[in-house]
Amino acid sequence: MSAKEKLSNIEGIKTASRGLRGTIQESLGDQLTGAIREDDQAVIKFHGMYQQDDRDRREERAAKKLDRLYSFMIRLRLPGGFVTPAQWLATHEIAGEHATGVIKITSRQTLQLHGLIKSHIKPTIQAFNEAKLDSIATCGDINRNVLCSSHPNESPIHAQVFAYADKISELLMPKTKAYYEIWLDEEKILDRKEEEDPLYQDRYLPRKFKIAIAIPPNNDVDVFANDIGLIAIIEEGQLIGFNIAIGGGLATTHGNPDTYARLGTVIGFTAGEENTLKAVYEVLTIQRDYGNRSDRKMSRLKYTVDKLGVAWFKEELERRIGFELEPAKAVLFTKRVDHFGWQQNQEGLWYYTVLVENGRVLDEANLPLKTAMFEIAKTGFANFRFTCSQNLILSDIAPENKNAVNTILEKFGIIQHTEGSSAIRKNSMACVALPTCPLALAEAQRYLPSLISKIEPLLSKHQLDNDAIVIRMTGCPNGCARPYVAEIGFVGTAPGKYNLHLGGDRQGARLNKIYQENLEEAAILETLDGLFQTYAAERLIDETFGDFAIRKNWVAA
Ligand code: SRM
Ligand code: SF4
């Protein structure tokens, strides 16, 4: 950064926060408002929370001259997306007692609760702590929840790779004890030297930071959408190391041509745990030292990499880690899928992947999903794993317990819903958007299911029912449901309006492009009808919709 560039105000808030304490205690004690102080809204993110308000009720409250209806969202840290049945039961209880009751599985394999009022934050964190769960560093300018391929049946070495998610998460945790002090009433740190942080110092990273680990051939984590993507290399049944990709990130801003989505660039291979962790750590230190701290729209690692060049970045990384990366190994992703239904792994354990539309675990009149998951958790027969497409895997079920789990799944209609849903519904994903997301320009998770119901007949009309086209929707261009790596991406521009993106591939290795802008529902359906007709008539055998869109030049390659 040049001396002339002014630091963004978040930089000042971080350094003045005394190890992420800010004035959170005072904010919590202020009975006059449901909100917290403005600076604390930035600090509290590092503790895994966002201040929000109910946007459905903004107008009504403004008309009555009432303050906005403030509440908080909390996001758990679950490296690799795993909880025990006891932890699921605890989350279920906490959601009911302190939040809206809905448990939201996110596109980064973790759980969120919405609608906590200020006085409920502390009891929530304490209850999570009892269940050995925390929300440290799940938001803010810091390493976030680490993703790992969530299908343990896919490879015999899954557990070994999965352990890396935990190790990386631990390695990159902040050293401050503020979380324990503020929320868990642990003793105050008197000498801040005790929590000195060589990685984050007192300025943390310029921006959020995301890491994912993929186990080919399945790119279920969307590895190239992350600041660091580790791709497990398996030879003769052994994990020999990882290819490292850097600089992935998806967000754009409407009307700001300097912003763009970027897929990670593979820069080499590392073998061994020590070297891999070292390389990961030092990518963060480079971003800490060189990332843009004045313009938050340009501060993700992708911009640092492009500004300084991939070759420079690799050289600097090798200097910091003290060894050269080996050339990347050849690797092929052939799919990006959740394996719905029953699957068995090499050890004979059973897994059931449940379709959770847009990650919302709640009870609906025709689908009491939350109750079903609660009943299964009570048996203690299944662990709970979350996929990066917001679905849920009941996992590690012993053969003698499979029937009991199956009976509950059938009783509550979960099997019928999961296995009876169309291929596109199973491959769809939307972000939260309204009513809680302050950045939403349009609906997403509340709208996509009904849009899919209107797209399904179009596919049937053209005999494309079994085509597992990947459809994703977000309420704004930040890309939280990764619409830019979908075959059909909808990106909200205004209420009821979406840019239509085409041309992503099925493996998540190619970005799509805008095909048409600001479409309303009728135009979306008319456009897709035409595109599906051409696709059905002219596609090659096994050609996917995304590949066809490129071949037909609907969007540039
Ligand atoms: Fe996101 C901001 C929800 C995954 C890019 N995202 C937000 C906030 C916190 C809005 C805000 O800043 O106040 C949203 C909260 C909505 C709510 O009410 O819950 C939000 N993001 C989500 C989740 C819950 C979407 C979902 O429905 O699953 C995902 C939570 C992930 C997690 O567990 O950590 C989520 N967000 C993503 C992803 C996908 C991914 O990481 O694989 C992206 C695109 C990838 C990337 O980072 O490039 C993403 N979210 C953003 C951005 C743009 C960041 C940027 O580079 O500019 C923002 C806005 C920001 O940071 O300023 C954002
Ligand atoms: Fe909110 Fe936009 Fe992310 Fe959707 S994509 S959750 S609207 S920030």
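Both ligands and their constituent atoms are indexed starting at 1 by order of listing.
- Side-chain contact annotation: Asp141 with Tyr200, donor-acceptor N/O pair under 3.5 Å absent.
- In this structure, atom 8 (C) of ligand 1 is not in close contact with the protein, since no protein heavy atom lies within 4.0 Å of it.
- Listed by number with element, the atoms of ligand 2 under 4.0 Å from a non-hydrogen atom of Gly475 are 4 (Fe), 7 (S).
- Residue His114 has at least one nitrogen or oxygen atom sitting less than 3.5 Å from a nitrogen or oxygen atom of ligand 1, judged on distance alone.
- Under 4.0 Å from ligand 1, the heavy atoms of Gln390 that appear belong solely to its side chain.
- Under a 4.0 Å N-O distance rule, the pair Lys297/Asp258 does not qualify as a salt bridge.
- Using modelled atom types, one finds no donor on one side chain facing an acceptor on the other under 3.5 Å when comparing Ser389 with Arg336.
- For atom 1 (Fe) of ligand 1, the nearby protein N/O/S atoms, meaning those under 2.8 Å, are Cys480 SG.
- For atom 2 (Fe) of ligand 2, the closest non-hydrogen atom of the protein is Cys476 SG, 2.3 Å.
- Judged purely by distance below 3.5 Å, without hydrogens or angles, the side chains of Tyr303 and Thr259 never pair a donor atom with an acceptor atom.
- Ring pair Trp183/His47 is perpendicular by interplanar angle, where above 60° counts as perpendicular and below 30° as parallel.
- Ala430 counts as a contact of ligand 1, since one of its heavy atoms falls under 4.0 Å from the ligand.
- Looking at Lys497 and Glu517, no side-chain N of the basic residue comes within less than 4.0 Å of a carboxylate O on the acidic one, giving no salt bridge.
- Checking Asn499 against Thr493 by side-chain atom types alone, no donor-acceptor pair falls below 3.5 Å.
- The single protein non-hydrogen atom nearest to atom 32 (C) of ligand 1 is Arg108 CB, 3.3 Å, given as residue, atom name and distance.
- Listed by number with element, the atoms of ligand 2 under 4.0 angstrom from any heavy atom of Thr474 are 5 (S).
- Scanning the protein for heavy atoms near atom 55 (C) of ligand 1, the closest one is Ala251 CB, 3.3 Å.
- Using a non-hydrogen distance threshold of 4.0 Å, Lys104 registers as a contact of ligand 1.
- A side-chain N or O of Gln287 and one of Thr304 form a donor-acceptor pair less than 3.5 Å apart.
- Closest protein heavy atom to atom 41 (O) of ligand 1: Lys210 NZ, 2.8 Å.
- A heavy-atom separation below 4.0 Å is found between Gly479 and ligand 2.
- If you check which protein heavy atom lies closest to atom 48 (O) of ligand 1, you get Leu250 N, 2.6 Å.
- Relative ring orientation between Phe384 and Trp88 is described as parallel, the plane-to-plane angle staying below 30° on a 0-90° scale split at 30° and 60°.
- The number of heavy atoms from other shown groups lying within 6.0 Å of CD (Glu97) does not exceed 12.
- From the protein, the heavy atom lying nearest to atom 51 (C) of ligand 1 is Lys208 NZ, 3.2 Å.
- Contact between Arg207 and ligand 1 is present, with at least one heavy atom of the residue lying under 4.0 Å from the ligand.
- Using bins of under 30°, 30° to 60° and over 60° for the plane-to-plane angle, the ring pair Tyr447/Tyr498 lands in the parallel bin.
- Backbone or side-chain N, O or S atoms of Cys437 do not reach atom 2 (Fe) of ligand 2 at under 2.8 Å.
- The part of Leu439 lying near ligand 1 is the side chain, judged by heavy-atom distances below 4.0 Å.
- Side-chain contact, Asp40 with Ser27: a donor N or O sits under 3.5 Å from an acceptor N or O.
- Ligand 1 lies less than 4.0 angstrom from a heavy atom belonging to Arg482.
- When only modelled atom types and interatomic distance are considered, Glu154 and Asn218 share a side-chain donor-acceptor pair under 3.5 Å.
- In this structure, His501 and Tyr484 have perpendicular ring planes: the angle between them is above 60°, well past the 30° mark.
- Here the protein heavy atom with the shortest distance to atom 56 (O) of ligand 1 is Arg300 NH1, 2.8 Å.
- Shortest contact from atom 15 (C) of ligand 1 to any protein heavy atom: Met73 CE, 3.9 Å.
- Distance from atom 4 (Fe) of ligand 2 to its nearest protein heavy atom, with residue and atom name: Cys431 SG, 2.3 Å.
- A cation-pi contact, defined as under 6.0 Å to the ring centre and within 45° of the axis, links Arg385 to Phe162.
- Ranking protein heavy atoms by distance to atom 3 (Fe) of ligand 2, first place goes to Cys480 SG, 2.2 Å.
- With hydrogens and angles disregarded, no donor-acceptor distance shorter than 3.5 Å links the side chain of Asn226 to the backbone of Ile228.
- At a 4.0 Å heavy-atom cut-off, ligand 1 touches Thr110 through the side chain alone.
- Numbered from 1 in the order shown, with element, the atoms of ligand 2 that lie under 4.0 Å from a heavy atom of Ala440 read 7 (S).
- The shortest contact between atom 24 (C) of ligand 1 and any protein heavy atom is with Gln112 OE1, 3.1 Å.
- Classification of Lys6 and Glu11 as a salt-bridged pair fails, no side-chain N sitting under 4.0 Å from a carboxylate O.
- Within the 4.0 Å heavy-atom shell around ligand 1 one does not find Gln445.
- Side chains of Lys104 and Gln445: a donor-acceptor N/O pair is present below 3.5 angstrom, by distance only.
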